[in-house]
Structures are given as C-alpha cells and as structure tokens.
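In what follows, every heavy atom counts, from backbone to side chain, and hydrogens, waters and symmetry copies are set aside. Owing to the predicted nature of the structure, the values given are computational and were not obtained by experimental measurement. When a ligand or atom number is given, it counts from 1 through the structure's own listing order.
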Amino acid sequence: MNYLDCAKEYLMNTYNHLPVVFTHGKGCKVYDTSDKEYLDFTSGIGVMSLGYGNENWIKAVENQLEKIPHTSNIFLNIPVLELAKKFTELSKMSKVFFCNSGAEANEGAIKLARKYSFDKYGKGRSTIITLNKSFHGRTITTLEATGQEKFHNYFYPFTEGFKYTDVDVKSLEDTIDSTCCAIMIEAVQGEGGVNPLSKEFVNKVFEIAEKNDILVICDEVQCGIGRTGKMYGFNNYDVHPDIISTAKALGGGLPMGAVLCNEKLKDTFKYGDHGSTFGGNPVCTAGAIEVLNTISKEGFLDKVSDKGQFIKEYFKNKSSKNVVEVRGIGLMIGVEIKGESSKVQKKVLEKGLLVLTAGPNVIRLLPPLVISEEELEKGLNILYEVIESM
Ligand SMILES: Cc1ncc(COP(=O)(O)O)c(C=O)c1O
C-alpha cells in the first residue's frame, strides 16, 4: 500500500493531507521519500524555530533521554527546575505550570483566571472575552473560546462563559459586563489571517482590564517565543499581561506548553487544582532550555526582525498585481492575495517550497527563525512567481 492510501485507510479524516511524506530535515530544508528537497517556510506551524538537526538541541534531548525520560510530577527533576527559573525570568513572570500543547495551556489559563475571580468575588464572575477571528485550540472549551462561528458546531454542549468582541474599542466596551473575569487576546492572530492587533485596541484592553480587576491573558502559542522578533508578541506593545499561554516553538519540536502568571496569581492554584502527567517532562524541558538559550542570545531576535523586514521589502519592491497586502510582525507574515491560498500552497509545494495558509486568501509564512536571507529570497522567488502566474 502506498503512503497516501495508508493515511486514507487508517488515519481519521481530520487533515487534508498534502501529497508528500517527509523523512528527514536539515537546517531549513526537509526531504521527502524520494529525497526531493523542500525549503520550509512553515516550521511545522511555528514549532521548528531552530530548524532541523540543531546540534545543541539534539545533544540536550539525547542526554536527558539517556538519563531519565520521565518522572511523575509528584517528584521533581532537574531540567524542569532549570527551565522554570530561566523561563519565568525571561518572561518577567512569577510562576509557571508546564503542559503539552497550546490548547492545554489555554485550558490552564482559563482555569487560573476563573479561580482567581472565584476566590476574590465568588460565583457569577467567570466570563472570558475573546476576539472575533481568534483561535485558541481544539478542546471543547478552547473551541468555544475561539471567536469564529464555524468552530462552534457539532460538539454540543460547549463550555459556557465566553463572549466575543470585534477588534474595536466600541465593541469591546459594549461586550464587557460585571460577569467578566478575563480578556484573552493573541497579539498577532495567526489562524485568523495573520492580523496584528492595533496599539490603540491593545492599550484599551489593558486600560479597561486594570480599571475593573479583569485579567488579561495573552495567548502566545503561535506569536510567542521569538516569532515576532521579541520574546512575546505582546512585547511589540507597551503592555504586560497577567497570564501567558504558550506552546509550539517552546519545545523546539517536542510537545511542550506552559501557563505563566504574574505576582497577583502566583498562589491562585492550590494543591490538586490542576495537573498533567506529561507536563514538564524532562526530555521536553531539556529541549525547551536549549530553545530559550538560543533565542535569548544577544542579537538573535533583532535578526528575526530584520528578516521580517526583508520579506516585506521584497514584496514592496515587486509591487505584485495579485498581492493585496503583506502584514505581520517579524517572521510571522501573512500575504493576502487575490486568488485562493490553497492553490498557491499546492503549486509552490511542487516547486519545493512549503507555506501555510490562514483562511481562503492568505498565505502564512512562519519560517524557522534561523533561516538565512539567501534562503528567504530563494523561497520568495518561488512564491512570487506562482502568485503572479495565477
Ligand atoms: C494562538 C493559538 N492558540 C492555541 C493553539 C492550539 O495549540 P495546539 O494545537 O498545540 O493545541 C494554536 C494552534 O494553532 C494557536 O495558534
């Protein structure tokens, strides 16, 4: 049986697989079963920030794998302690809870916000406001948290207690009420079309939140860990949230998520309030330490910003007839086109380039943060040629 038939036969139909099976990768390139080379502008949806085969990351993970791959969270392990200290310091937060994915991080963030409000105000103040076009995950609760109607189907009953606002100050003011305990935002909406929030809107979120003792949760699952040229997406704005949820790039290719909180919330979770068997797994945390070591090196994130600028300049100089807008921050870029993004995705794949989509008309670029300008230019030439030929 060939690989694609095997997928059709045995995997549930949740993904529309592109017709390629990858076997290995090196740097910013991946190779399929016939050894064809592809330049990767996806990083496995924002995960492989250090690229493939990073020697320090592999050494750290292999070393930990040999020592001890797992301990229950009723015991401590060395990497989880090292990571907790490094990560909270880099994030300017007080404490962290480790988990395995973005959805799980958001579940933890939502629980934490609701517990804080319950402890202080009692029942009836548990509503979380999220933004239209947001994406927060695939569990029953995070689907409901996602501000896109198409996700609120089939799986009833969803978790109660979510309201949605447009990215608009008036809409936000109209949505807030006395039942509200938190507002959850992505500084740059990824799945929703690569939409950076405006400074005016973000400032208003924090201003209203502070006035009403409402918590701000920044979902940094996609835009965090250096993706935008800063540690977090919100660092591009002059704000600091109460809670950060993060995942994807944190583990450098291994499943890893985290919820970070500030001083106000550091004792909100008590013994038994939350947990996760694999959360803080020593192998994944050893990998995450190496990711943080790399992105916190002097000048690393400035280069990410420069490379983002390089992409924007490229399209500006070409002034393509089929490109509507190029937006985003750092190496989180959305290219809105006149045609169908999925068609472009398939066409560039044939020519050896991997890109993502974010809706019907947006090509999403999330290349490894370590990509070179030469590689960027090579991939952009392929992309431009296909967009122009449509
Ligand atoms: C902003 C955001 N939050 C949450 C998630 C869910 O993450 P995961 O797929 O790791 O559960 C995603 C995934 O794309 C995301 O982009």
Side-chain angles (χ1 to χ4, degrees), residues 12 14-16 42-49 97-113 128-148 150-152 155 159 162 164 167 182-197 202 205 216-228 230-236 241 243-260 276 278-281 284 287-288 291 328-334 355-359 362 364-366:
M12 288 197 196
T14 52
Y15 302 105
N16 196 5
T42 74
S43 309
I45 318 194
V47 170
M48 301 301 296
S49 288
F97 175 88
F98 289 114
C99 55
N100 309 282
S101 70
E104 198 188 353
N106 283 333
E107 290 269 350
I110 290 163
K111 280 177 73 176
L112 188 60
I128 315 264
I129 293 186
T130 65
L131 309 187
N132 286 327
K133 295 197 185 162
S134 60
F135 183 80
H136 298 297
R138 294 287 190 162
T139 60
I140 290 285
T141 298
T142 56
L143 274 180
E144 187 63 2
T146 292
Q148 299 187 56
K150 68 177 179 194
F151 288 106
H152 305 159
F155 310 113
T159 310
F162 291 92
Y164 315 98
V167 183
I183 305 172
M184 179 150 75
I185 60 173
E186 294 157 84
V188 185
Q189 293 181 329
E191 304 296 316
V194 191
N195 310 308
L197 300 184
V202 171
V205 166
V216 180
I217 304 168
C218 279
D219 177 344
E220 291 281 340
V221 169
Q222 190 161 151
C223 62
I225 318 292
R227 177 55 52 192
T228 66
K230 308 259 187 217
M231 176 70 184
Y232 291 110
F234 68 77
N235 291 138
N236 294 285
I243 301 173
I244 300 169
S245 56
T246 178
K248 284 192 186 284
L250 179 60
L254 289 173
M256 178 88 202
V259 187
L260 295 130
S276 171
F278 284 111
N281 167 274
C284 301
V291 170
I329 313 181
L331 284 175
M332 184 167 184
I333 297 282
V355 298
L356 296 161
T357 61
V362 179
R364 183 173 29 150
L365 310 180
L366 300 174

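- Contact annotation for Q189 and ligand 1: no heavy atom of the residue comes within less than 4.0 Å of the ligand.
- Side-chain atoms of E220 never come within 3.5 Å of backbone atoms of I225 as a donor-acceptor pair (strictly under, hydrogens ignored).
- Set against the non-hydrogen atoms of A103, the atoms of ligand 1 under 4.0 Å away are 6 (C), 7 (O), 8 (P), 11 (O).
- What you find for C223 and M332 is that their closest heavy atoms are CB-SD, 3.6 Å.
- With a 4.0 Å cut-off on non-hydrogen atoms, A247 does not touch ligand 1 at all.
- Residue, atom and distance of the protein heavy atom nearest to atom 3 (N) of ligand 1 are D219 OD2, 2.8 Å.
- Ranking protein heavy atoms by distance to atom 16 (O) of ligand 1, first place goes to Q222 NE2, 2.8 Å.
- Qualifying salt bridge (charged side-chain N to carboxylate O under 4.0 Å, His left out) partners for E191, counting only residues two or more places apart in sequence or in other chains: R364.
- Taking only nitrogen or oxygen atoms, main chain and side chain alike, V221 does not reach within less than 3.5 Å of ligand 1.
- At a 4.0 Å heavy-atom cut-off, ligand 1 touches N106 through the side chain alone.
- Between the E186 side chain and the F135 main chain, a donor and an acceptor come within less than 3.5 Å of each other.
- Panel note: side chain S134, backbone G147; a donor-acceptor pair is recorded below 3.5 Å.
- Only the side chain of K248 comes within 4.0 Å of ligand 1, judged by heavy-atom distances.
- Summary of contacts: the protein heavy atom closest to atom 2 (C) of ligand 1 is F135 O, 3.3 Å.
- To the nearest 0.5 Å, atoms CD1 (I110) and OG1 (T139) are separated by 7.0 Å.
- Residues Y164 and H152 bring their aromatic ring centres within 6.0 Å.
- The option from A358, G102, G190 that lies nearest to atom 8 (P) of ligand 1, judged by heavy atoms, is G102.
- In this structure, a donor-acceptor pair under 3.5 Å is present between the side chains of N236 and T228.
- Of the N or O atoms in E186, none lie within a sub-3.5 Å distance of an N or O in ligand 1.
- The ligand atoms of ligand 1 that sit less than 4.0 angstrom from a heavy atom of S101 are 10 (O), 11 (O).
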